[in-house]
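Report on the structure given below.
Labels below follow one simple rule: chain letters A, B, ... track the order of the sequence lines, proteins then strands, and each chain is numbered from 1.
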Amino acid sequence: MTEGVHYKIDFTTFARLFGFSKKGRDAEVIHFEQHMNTSMISSTYEYEDLANGSTTALKSVYYVLNNMFRETIYPKGGSDSTSLRRFAPNLLARILPRARPFSVSRFIWFNLIEVTESDNCNLPYAPYIMYMIEMVR
Amino acid sequence: VPPTKYDNSVYIEHHNYDGAGYLVRKAREENPYVNLKMAAIDYRYWSVFHFKFYETVLNIKMKLIKMKWIDFTHLEDAKAPEKKEVLDLVDKYKMRNIMSSSMTGTLRSWHNFMQLSFMKTQKRQFTG
């Protein structure tokens, strides 16, 4: 713990700490978009008819990547691991071929802001926050 | 504003902040560092709000998400047809650093989970 000492960090330092370049920081921000419907990313599914918001019918690559996102940059709480919630469809849309690049660092940053202002969200990124505290002190 | 000191012996509000979004937002609007650190509560917290928020929201097991890291060495060795595409996309967005254990060594490995994922995807390919 910080033992009462108040630490602070700005976005640029945060992004640099986690290895994101300026180009990555200045890319588009997913949190400025509306939540996408899974029917809009039907090409990520094995069969387009199966685009029902579940992860079970995703193509192999997107299934694996979604699992990786869910455990790291966009962690999900709760017991239902098979639904694409909130910005998960937007994330998948951004990794499609010919999709515009997005800023991963801003995605995490805005997600942190969203979580700290909400009492309903489960609390993610504990190791990343601890890493930041250890690096800035 | 001159710093004021709490009279720690008199009164501590007891709020349950779980599910109380309005109270949390209202408490966060105030700058806690205007006041001196409270001495009557645990030394880790600055104010009663910090203390009660930890006790009633953060300290509940279901509220904290257990993070994991990805064992990219295992992923690179995996015999999965889609691994190159997955790794290319991870490298394109420079996410390998933040996802891997090099940064957060104390996290639980995603190794076993990864095996399960690839087993599932391979099985799906066989079954069409």
Here the pair of heavy atoms bringing A/Phe18 nearest to B/Asn97 is O-ND2, 3.8 Å
Min side-chain heavy-atom separation A/Met68-B/Leu75 under 4.5 Å = yes
Within 6.0 Å of CD in A/Gln34, more than 12 heavy atoms from elsewhere = no
More than 12 non-hydrogen atoms from neighbouring residues, nucleotides or ligands closer than 6.0 Å to CZ on B/Arg28, yes or no?
-> yes
Of all heavy-atom pairs between A/Phe20 and B/Lys94, which one has the smallest distance, and what is that distance?
-> CE2-O, 3.4 Å
Which portion of A/Ile73 sits near chain B, non-hydrogen atoms under 4.5 angstrom = side chain
Among A/Ile95, A/Thr72, A/Leu65, whose side-chain contact (heavy atoms from CB on, under 4.5 Å) with B/Val90 holds?
-> A/Leu65
B/Lys92 atom NZ, neighbour heavy-atom count above 12 within 6.0 Å = yes
Residue selection (most heavy-atom pairs with chain B, distance under 4.5 Å) from A/Gly24, A/Pro101, A/Ser105 = A/Pro101
Shortest non-hydrogen pair, A/Arg100 vs B/Tyr93, comes out as O-OH, 4.1 Å
